[in-house]
**Student:** 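Here it is: the structure, laid out below.
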Amino acid sequence: MTSSAAVEVTGLRVRRGKRLVLRDVSCTIPQGSVTGLLGPSGCGKTTLMRSIVGVQIVESGSVSVLGSPAGSAGLRRRIGYATQNPAVYADLTVEENLRYFCSVLRAPRSDVSRVIDEVGLGTNASQLVSSLSGGELSRTSLAVALLGTPELLVLDEPTVGLDPLLRDELWTLFRTLAARGVTLVVSSHVMDEAARCERLLLMRDGALLADDTPGSLLSETGTDDLEQAFLHLVRAKEAA
Amino acid sequence: MNTSILLATTARILNQFRHDRRTVALMILMPSLLLILLRFVFNSEQAFSRAAPALLAVFPFAIMFIVTSITTLRERTTATLERLMTMPIAKLDLLFGYALAFGLVAVVQVLVAVGISLTWLGLSIGGSVWLLVIIAGLDALLGTALGLFASAFARTEFQAVQFMPLFVMPQVLLCGLFSPRTQMTPVLEWLSNVMPLSYAVDALTAVTTSSDITGELVQDLAIVAACGLLALVLGAVTLRRRTP
């Protein structure tokens with residue numbers, strides 16, 4: 001693998017129950033970039049992300065992350081992962097949640113206030129998670145992923161239910177992190193977020209439709225927005 | 001294993017309890033309330049003194065089993081376990097962290113129950129009070145460990161609650177509380193011999209009747225402790241970093 005690839009997925013097949021959720025997915029995610037993983041709900045985005053962080057049982061294929069096989073013990077302090085359902089304890093405050101995960105990661109204590117600022121939860125720090133709004137809840141879960149100094153951030157729909165201003169702030173944060181060399185994989189099912197990514201992985205029905213930059217996707221499909229580009233690719237594939 | 005992560009897990013669980021005072025009150029007072037009820041049902045100190053030692057084992061065991069299996073199941077079904085499994089925490093750190101937190105609650109629970117039984121309810125014991133507390137505490141820990149293990153087989157909280165009759169009631173019926181274990185038919189006696197609660201009840205009965213620390217008592221205690229440890233290790237084995 002080249003030194004600039006943070007994640008390299010080769011021929012990945014995943015079966016959940018009887019359904020083949022990922023069918024021979026191969027892709028490369030460059031280091032220090034924001035890669036958007038887009039596609040309709042149920043297309044396999046979460047399964048691909050779970051495979052990258054190493055919690056998914058895979059049928060065949062390989063996933064290499066930061067130079068080691070996905071799921072290796074050495075990777076556990078180098079990856080930040082935020083699941084789609086907020087993975088925080090509802091009966092603890094925001095700060096208590098972060099302090100616990102901070103100890104598990106053996107990250108410095110000062111990280112707790114740093115990540116609270118980064119996701120804009122300063123006024124909610126001592127609030128019980130069960131009393132937060134949906135957007136605050138997912139930001140708490142995102143904050144946990146930012147603890148320590150992860151080299152790879154895998155974020156499953158981190159901006160769902162956020163007001164446009166906050167969403168914009170988070171995307172600024174993502175780009176700042178990428179500029180520092182952090183690799184981000186961000187999933188979304190809304191196409192308007194796609195334009196904010198440097199690279200796009202478009203998925204449908206367990207397979208990759210495209211692995212490209214937003215600009216060249218538009219020029220290659222001859223469309224002027226990404227929603228149209230996606231439709232164009234789906235129709236082209238069905239016609240084939 | 002990493003002690004600081006283990007202790008952080010214990011502190012986290014105790015913190016969760018701190019925000020849920022009603023659960024804490026229920027856990028700490030329930031065995032005592034049941035023992036008080038039993039004392040007035042029997043309406044005689046002698047009859048109560050005969051049954052109470054076994055129940056000092058049964059009540060904390062059953063309550064800790066339910067509380068632990070539900071709490072752990074909650075961790076398994078919400079995404080927090082999946083998140084932890086991507087982090088540098090050993091499975092035993094998590095399970096022993098749980099056992100330690102619930103163990104501390106169990107010790108308080110048992111101290112209150114023993115204290116009330118000895119002072120107000122007229123329980124008289126021949127042996128050491130502290131040994132009684134240790135055995136009952138160990139037994140509550142056994143309930144915790146079995147609860148952690150059982151939660152691996154439950155998909156929903158409904159199922160987890162159903163495991164209480166499955167894992168706990170046979171042990172209660174066969175532990176010698178209702179009929180002496182030696183007078184059971186061979187099959188039942190054999191079943192009773194493979195159930196850890198039987199040894200906890202034997203040990204408690206021995207402590208209440210005599211102050212001697214016999215080899216048999218030590219053996220009973222060792223069996224209870226070993227079963228608890230075994231359940232914890234099996235619990236760690238059933239915890240998977242990778243899931244379908």
Side-chain angles (χ1 to χ4, degrees), chain A residues 14-17 19 21 46-47 49-59 65 70-93 95-107 128-131 141 144-145 147-148 150 152 154 156, chain B residues 1-27 67 70-98 100-102 105 155 157 238-244:
Chain A
V14 174
R15 198 177 286 279
R16 300 186 82 173
R19 214 162 73 89
V21 186
T46 298
T47 308
M49 294 187 131
R50 280 170 44 86
S51 307
I52 293 172
V53 297
V55 294
Q56 176 69 51
I57 295 175
V58 305
E59 190 176 275
V65 178
S72 307
L75 289 174
R76 286 180 199 140
R77 298 183 64 179
R78 301 170 66 194
I79 300 180
Y81 174 43
T83 51
Q84 199 169 353
N85 299 322
V88 282
Y89 299 99
D91 43 6
L92 289 180
T93 66
E95 213 172 358
E96 285 166 346
N97 265 291
L98 290 167
R99 274 209 301 268
Y100 172 58
F101 288 112
C102 200
S103 325
V104 171
L105 290 164
R106 277 168 282 171
L128 272 183
V129 165
S130 55
S131 71
S141 190
V144 177
L147 288 168
L152 172 67
V154 179
D156 203 351
Chain B
M1 290 270 288
N2 177 300
T3 327
S4 72
I5 295 181
L6 190 159
L7 292 177
T9 303
T10 303
R12 185 261 293 173
I13 295 158
L14 293 176
N15 239 333
Q16 286 178 285
F17 287 149
R18 207 168 48 84
H19 290 294
D20 185 4
R21 302 232 167 96
R22 195 179 300 179
T23 298
V24 174
L26 281 169
M27 270 195 289
V67 174
I70 298 280
T71 317
T72 331
L73 183 74
R74 225 163 42 169
E75 178 117 62
R76 285 179 198 260
T77 50
T78 62
T80 49
L81 185 67
E82 181 171 318
R83 165 165 263 160
L84 283 174
M85 291 293 101
T86 66
M87 290 185 171
I89 182 172
K91 291 185 268 183
L92 281 178
D93 289 341
L94 185 66
L95 285 178
F96 279 108
Y98 259 97
L100 189 58
F102 283 104
V105 176
R155 291 275 165 277
E157 296 189 2
T238 59
L239 210 59
R240 293 269 167 228
R241 281 199 195 264
R242 282 183 190 269
T243 47

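Just so it is clear: chains get the letters A, B, ... in the order the sequence lines come, proteins before strands, and each one is counted from 1. The structure presented is a predicted model; accordingly, all values stated were derived computationally and were not measured. Values below: every heavy atom of this structure, side chains too, minus hydrogens, waters and symmetry copies.
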**Student:** When only pairs under 4.5 Å are counted, which of Leu84(B), Asp93(B), Leu81(B), Ile89(B) shares the most heavy-atom pairs with chain A?
**Tutor:**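 Of Leu84(B), Asp93(B), Leu81(B), Ile89(B), Leu84(B) has the most heavy-atom pairs under 4.5 Å with chain A.
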**Student:** Quick one: what part of Ala145(A) sits under 4.5 Å from any heavy atom of chain B, side chain, backbone, both or neither?
**Tutor:**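 Contact with chain B is through both the backbone and side chain of Ala145(A).
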**Student:** After noting the C-alpha distance and the side-chain angles of Ser141(A) and Arg83(B), does the key distance pass the side chain to side chain donor-acceptor pair (under 3.5 Å) rule?
**Tutor:** CA-CA 10 Å; Ser141(A) 190; Arg83(B) 165 165 263 160; 3.2 Å; yes
**Student:** For residues 80-93 of chain A, which residue pairs qualify under salt bridge (Lys or Arg N to Asp or Glu O under 4.0 Å), counting only residues two or more places apart or in two chains?
**Tutor:** Asp91(A)-Arg74(B)
**Student:** Are Asp156(A) and Arg50(A) close enough that some pair of their side-chain heavy atoms sits under 4.5 Å apart?
**Tutor:**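 With C-beta onward as the side chain, the pair stays apart.
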**Student:** Between Leu6(B), Leu7(B), Thr78(B), Asn15(B), which has the largest tally of heavy atom pairs under 4.5 Å with chain A?
**Tutor:** Asn15(B)
**Student:** Side chain from CB out, backbone as N, CA, C, O: work out which of these in Glu96(A) comes under 4.5 Å of a heavy atom of chain B, or both, or neither.
**Tutor:**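 Just the side chain, heavy atoms under 4.5 Å.
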**Student:** Could you tell me whether the side chain of Glu59(A) reaches within less than 4.5 Å of the side chain of Val14(A), counting heavy atoms only?
**Tutor:** no
**Student:** Less than 4.5 Å apart, side chain to side chain, heavy atoms only: is that true for Thr71(B) and Gln16(B)?
**Tutor:** no
**Student:** Closest approach of Val65(A) and Ile52(A), non-hydrogen atoms and distance?
**Tutor:**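 Answer, listing the atom of Val65(A) first, then Ile52(A): CG2-O, 3.4 Å.
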**Student:** Taking Met85(B), Met87(B), Glu75(B) one by one, which has the highest count of heavy-atom pairs under 4.5 Å against chain A?
**Tutor:**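 Result: the option with the highest number of such pairs is Met87(B).
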**Student:** Could you tell me which portion of Leu94(B) (side chain, backbone, both or neither) has an atom closer than 4.5 angstrom to a non-hydrogen atom of chain A?
**Tutor:**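 Side chain only.
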**Student:** Could I get the full list of side chain to side chain contact (heavy atoms under 4.5 Å, CB included) partners for Val21(A), not counting sequence neighbours?
**Tutor:** Arg16(A), Arg19(A), Thr47(A)
**Student:** Name the member of His19(B), Arg18(B), Arg240(B) that forms the most heavy-atom pairs with chain A at distances under 4.5 Å.
**Tutor:** His19(B)
**Student:** With a 4.5 angstrom heavy-atom cut-off, is it the side chain or the backbone of Asn2(B) that approaches chain A, or both, or neither?
**Tutor:**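 Just its side chain gets close to chain A.
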**Student:** Enumerate by number any residue of residues 80-89 of chain A whose heavy atoms lie under 4.5 Å from heavy atoms of chain B; in the absence of such residues, state 'none'.
**Tutor:**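 Under the 4.5 Å heavy-atom cut-off, Tyr81(A), Ala82(A), Thr83(A), Asn85(A), Ala87(A), Val88(A), Tyr89(A) qualify.
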**Student:** Report which part of Asp20(B) has an atom under 4.5 Å of a heavy atom belonging to chain A: side chain, backbone, both, or neither.
**Tutor:**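 Contact with chain A involves no heavy atom of Asp20(B) at all.
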**Student:** Considering only heavy atoms from C-beta outward, does the side chain of Leu98(A) approach that of Glu95(A) to under 4.5 Å?
**Tutor:** no
**Student:** Is Glu157(B) close to Leu73(B) at the side-chain level, that is, under 4.5 Å between some pair of heavy atoms?
**Tutor:**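 Of all side-chain heavy-atom pairs linking Glu157(B) with Leu73(B), at least one is under 4.5 Å.
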**Student:** What part of Leu75(A) gets within 4.5 angstrom of chain B, counting heavy atoms only: side chain, backbone, both, or neither?
**Tutor:** neither
**Student:** Only counting residues at least two apart or in another chain, list the ones meeting side chain to side chain contact (heavy atoms under 4.5 Å, CB included) with Arg77(A).
**Tutor:**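 Scan of Arg77(A) (side chain to side chain contact (heavy atoms under 4.5 Å, CB included), adjacent residues dropped) gives Arg106(A), Pro88(B).
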**Student:** Heavy-atom pairs under 4.5 Å with chain B - which of Val53(A), Ile79(A), Leu128(A) has more of them than the others?
**Tutor:**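 Option with the greatest count: Leu128(A).
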**Student:** Is the closest side-chain heavy-atom distance between Thr238(B) and Arg76(B) below 4.5 Å?
**Tutor:** yes
